[in-house]
Number of protein chains: 2
Amino acid sequence: MKKKTTIYDIAKEVGLTAATVSRALNNNPKISEKTRKLVQETAQKMNYEQNTLAKALKSGKSYNVGVIVPRMDSNFFASVIRGIEEELYPKGYHVIVCQTHDQENLETGNINSLLNAQVDGILMSISNAKSKSNVFHNIAQKKVPLIFFDRKKEIPGVSSVTIDDFNGAYQATKHLIEQGCKRIAHLSNNRSLEIFKNRYLGYKQAIIDHGLEFDEDLVIETFSKVSEGRKTVKKLLKMKNPPDAIFSSSDFSALGAIQEIKDQGLSIPEDISVVGFSNEPFTKFMELSITSVDQSPIEMGRIAAKVFLKEVDSKTLNKESEKIVLQPELIIRDSSLKVKSEASA
Amino acid sequence: MKKKTTIYDIAKEVGLTAATVSRALNNNPKISEKTRKLVQETAQKMNYEQNTLAKALKSGKSYNVGVIVPRMDSNFFASVIRGIEEELYPKGYHVIVCQTHDQENLETGNINSLLNAQVDGILMSISNAKSKSNVFHNIAQKKVPLIFFDRKKEIPGVSSVTIDDFNGAYQATKHLIEQGCKRIAHLSNNRSLEIFKNRYLGYKQAIIDHGLEFDEDLVIETFSKVSEGRKTVKKLLKMKNPPDAIFSSSDFSALGAIQEIKDQGLSIPEDISVVGFSNEPFTKFMELSITSVDQSPIEMGRIAAKVFLKEVDSKTLNKESEKIVLQPELIIRDSSLKVKSEASA
DNA sequence: TTGTAGGCGTTATCAT
DNA sequence: ATGATAACGCCTACAA
């Protein structure tokens with residue numbers, strides 16, 4: 001095992017002290033230009049590399065931040081993570097990504113391991129609003145900045161970056177109404193999570209504002225999976241008075257809905273129009289492209305990272321938490337465009 | 001900033017020495033049952049948590065491993081990562097995931113930052129075979145185990161876990177031939193990467209073995225993107241003697257191919273059959289499901305992790321690198337099944 | 001401008 | 001079985 005060079009080795013080499021070497025390496029102002037150069041060149045020659053661990057131990061900072069997401073194989077979360085990376089890498093931080101797979105025990109476990117690994121902050125999208133909030137107290141106690149993105153939870157002093165889900169849902173529903181749909185079903189999801197509650201509320205408000213009848217039976221809780229979308233639509237189509245449109249809180253269940261509708265011999269968007277949520281890439285690539293709501297995930301990630309940077313630097317405990325809300329954008333495509341006056345996306 | 005409790009605090013509390021506390025906490029055999037209990041209970045009471053950084057500094061191990069992939073928003077890589085996590089978390093390791101987006105400079109940068117962060121190992125799928133191999137020498141020098149998965153490079157002493165791409169391609173092509181296809185095109189990709197070279201070779205061998213004519217013009221290098229698949233097919237269909245089947249080295253370009261074929265008014269699989277590679281979830285969900293080659297990514301991840309664990313523990317420098325090759329599985333679906341004798345998947 | 005010395009939290013090696 | 005001490009590599013008062 002070839003030993004790594006340390007500042008002591010350099011010190012010996014140039015006939016100085018480790019302290020001086022340290023200062024020279026860190027561009028400390030009170031060091032002579034001559035020694036600075038000498039030290040830096042020698043360091044280079046000896047292949048010196050700073051021991052991050054030692055520095056972390058000393059400074060109390062690990063320069064690691066943890067990112068917790070339900071899953072990372074969705075374009076949405078992968079893109080948020082990319083945004084975070086873009087912002088944090090240049091500042092010397094590393095990003096440790098953990099997945100919860102929507103399981104509460106994994107969520108708790110991940111948080112604890114991250115804290116234990118001494119991350120300097122945690123950026124997360126929560127899986128379950130009911131998760132024991134004492135885990136979050138743990139985070140707060142350690143003065144580790146916590147930032148929620150997308151799926152948040154209302155905790156005093158914790159910042160968040162989300163999109164205006166209410167408005168996204170409102171726009172989507174309004175669009176369907178403008179296309180002439182009268183009975184719009186909603187594939188909702190676990191409404192203990194704010195995002196799904198707000199999508200539901202936006203949908204409801206649009207229905208009411210446009211003088212349509214709001215029918216609670218048309219709202220069905222559906223997991224964000226293709227198979228679940230199918231299942232729900234099967235139920236909906238059995239109603240005496242089936243819907244003529246579906247606004248889904250997820251692209252995945254929207255896809256399942258589309259498959260089931262087609263299988264039953266109905267056509268889209270003529271018989272039933274469909275709108276999803278998240279603008280996953282496949283919505284664009286389908287033979288029948290799917291109308292969806294874009295959430296600008298990369299920007300969401302970048303902003304969340306910026307909030308973290310701000311909080312981690314402020315020694316002052318001005319726990320003025322920020323609540324940033326981005327505006328979503330409705331992308332209209334085949335699955336909902338009956339009036340083909342304009343080209344579809 | 002509430003100070004964290006250290007073993008010194010515990011020592012003071014119970015009137016012992018830090019060393020003893022450390023031993024008690026680590027279940028060192030030569031410690032009295034009584035003190036062990038006392039210490040452990042006191043530790044609990046004082047909310048003691050081991051400082052991983054200090055331990056890492058002392059032991060020289062960080063209990064972090066780096067995983068580098070071209071991208072993490074593909075089901076394939078996300079699943080490999082999940083497999084790695086499943087194997088490594090129980091052993092106390094953390095997984096730091098980095099993306100290269102197929103850019104060489106990012107790849108090099110990621111490797112260096114990971115090394116700098118003192119990861120105990122690197123598991124990666126390379127982006128570019130031409131990447132300066134001195135980066136890999138860096139890794140070797142530091143005695144950090146390096147394990148390739150899926151996209152590897154032949155480096156002495158480096159283990160790898162891959163699938164038998166040759167055979168996967170061979171089976172896929174053979175299947176197309178059995179369906180009656182005579183002129184099979186191949187959407188290849190950067191063949192400086194072994195996986196793509198082997199898929200090409202398997203394809204070629206199947207053609208030859210079954211007495212068909214091998215036509216180099218039917219092999220076109222195509223990036224793994226939907227838009228690129230479209231572009232390539234456009235070219236292919238302009239030939240005087242266009243193909244009656246397409247074997248793509250990627251599901252994404254296969255999807256683009258399908259879109260273009262349909263747009264030109266041809267039908268699948270009757271006019272042109274299509275087979276992809278990777279068994280991405282969307283291949284199953286399309287209205288016209290896509291035949292593809294499954295690579296058992298989760299298992300690949302688990303095995304790669306196991307190889308790492310073995311290497312990291314073996315102080316002995318028995319650099320007998322392992323080359324593990326998994327067998328792929330052809331999943332036959334609508335896009336290539338002309339003879340509808342059996343139910344499709 | 002540079003050196004000295006101590007500490008970050010742990011563990012390992014000697015003693016006792 | 002337990003204590004004392006040093007060491008991992010770095011940084012930073014404080015001194016000179």
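Naming convention: chains lettered A, B, ... in sequence-line order (proteins, then strands); numbering from 1 in each chain.
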*Asks:* Mind checking if A:L57 touches a base, just sugar-phosphate, or nothing, with heavy atoms under 4.0 Å?
*Replies:* base
*Asks:* Just the rounded figure in Å: distance from C1' of C:dT11 to NZ of B:K30.
*Replies:*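 After rounding, the reported distance stands at 13 Å.
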*Asks:* Just wondering, do B:I298 and B:S79 contact through their side chains at under 4.5 Å, heavy atoms?
*Replies:*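 Touching, per the 4.5 Å side-chain cut-off.
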*Asks:* To the nearest 10 degrees, what angle separates the axes at the start and end of the helix from C:dT1-D:dA16 to C:dT16-D:dA1, five pairs each?
*Replies:*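 Rounded value for the end-axis angle: 40°.
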*Asks:* Among all residues two or more places apart in sequence or in another chain, which pass the salt bridge (charged side-chain N to carboxylate O under 4.0 Å, His left out) test with A:K91?
*Replies:* none
*Asks:* State, yes or no, whether a side-chain contact exists between B:V80 and B:D150 at a heavy-atom distance under 4.5 Å.
*Replies:*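 No - every pair of side-chain heavy atoms lies 4.5 Å or more apart.
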*Asks:* For A:E87, which residues count as a side chain to side chain donor-acceptor pair (under 3.5 Å) partner, sequence neighbours excluded?
*Replies:*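 Scan of A:E87 (side chain to side chain donor-acceptor pair (under 3.5 Å), adjacent residues dropped) gives A:R302.
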*Asks:* Would you mind reading off the distance between A:Y63 atom OH and D:dC10 atom P, rounded to a whole angstrom?
*Replies:* 16 Å
*Asks:* Restricting to side chain to side chain donor-acceptor pair (under 3.5 Å), what partner residues turn up for B:E322, sequence neighbours left out?
*Replies:* B:K310
*Asks:* Nearest 0.5 Å, please: how far is CD in A:E107 from CG in A:D102?
*Replies:* 8.5 Å
*Asks:* Kindly write out the residues that satisfy side chain to side chain donor-acceptor pair (under 3.5 Å) with A:R71, not counting sequence neighbours, or none if the list is empty.
*Replies:*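 If we apply the side chain to side chain donor-acceptor pair (under 3.5 Å) test to A:R71, skipping adjacent residues, the hits are A:D73.
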*Asks:* Do the side chains of A:M124 and A:K153 get nearer than 4.5 Å, heavy atoms only?
*Replies:* no
*Asks:* So if I take residues 6-13 of chain A and measure heavy-atom distances to DNA chain D, which residues fall below 4.0 Å?
*Replies:*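 A:T6, A:I7, A:Y8, in order of number.
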*Asks:* Atom CG of B:N27 to atom P of D:dA1: distance rounded to whole Å?
*Replies:*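 The answer, rounded to whole Å, is 14 Å.
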*Asks:* Going by the rule ring pair (Phe, Tyr, Trp, His ring centres under 6.0 Å), which residues pair with B:F308 if we only count those two or more places apart in sequence or in a different chain?
*Replies:*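 Counting only residues at least two positions away or on another chain, B:F308 forms a ring pair (Phe, Tyr, Trp, His ring centres under 6.0 Å) with B:Y93.
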*Asks:* Measure the distance from NZ on B:K61 to P on C:dT11 and round it to the nearest whole Å.
*Replies:*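 It works out to 14 Å between those atoms.
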*Asks:* Return the residues of residues 35-52 of chain B meeting this criterion: a heavy atom under 4.0 Å from some atom of DNA chain D. Order them by number, or give none.
*Replies:*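 B:T35 - these, ordered by number, are the residues of the stretch whose heavy atoms sit under 4.0 Å from the strand.
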*Asks:* Base, sugar-phosphate, or nothing: which does B:L16 touch, judged by heavy atoms less than 4.0 Å apart?
*Replies:*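 Result for B:L16 = sugar-phosphate.
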*Asks:* Given D:dA1, C:dG3, D:dG3, which nucleotide is nearest the side-chain atoms of B:T17?
*Replies:*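 Between D:dA1, C:dG3, D:dG3, the one nearest the side chain of B:T17 would be D:dG3.
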*Asks:* Kindly list each side-chain donor-acceptor pair under 3.5 angstrom involving residues 38-48 of chain B, sequence neighbours excluded, with atom names and distances?
*Replies:*
residue, atom, partner, partner atom, Å
B:Q40, NE2, B:A24, O, 3.2
B:Q40, NE2, B:N27, OD1, 3.3
B:T42, OG1, B:L38, O, 2.5

*Asks:* Does OP1 or OP2 of D:dC11 have a side-chain N or O of A:S59 closer than 4.0 Å?
*Replies:* no
*Asks:* So does B:K58 reach the base of C:dA12 with its side chain, donor to acceptor, closer than 3.5 Å?
*Replies:* no
*Asks:* I need the residues from residues 18-26 of chain B with at least one non-hydrogen atom less than 4.0 Å from DNA chain C; give them sorted by number, or say none.
*Replies:* B:A19, B:S22, B:R23, B:N26
*Asks:* Can you tell me how far CD1 of B:I147 sits from CD of B:E311, rounded to the nearest 0.5 angstrom?
*Replies:*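 Result: 4.5 Å between the selected atoms.
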*Asks:* Taking side chain to side chain donor-acceptor pair (under 3.5 Å) as the test, write out the residues that go with A:T17, two or more places apart.
*Replies:*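 Listed in chain order: nothing, the list is empty.
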*Asks:* Please list every donor-acceptor pair under 3.5 Å in which a side-chain atom of residues 7-15 of chain B meets a protein atom from a residue at least two apart or in another chain.
*Replies:*
residue, atom, partner, partner atom, Å
B:D9, OD2, B:T6, N, 2.8

*Asks:* With a 4.0 Å cut-off, would you call A:E85 and A:R82 a salt bridge?
*Replies:*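 Between A:R82 and A:E85 there is no salt bridge, as every charged N stays at least 4.0 Å from the carboxylate O atoms.
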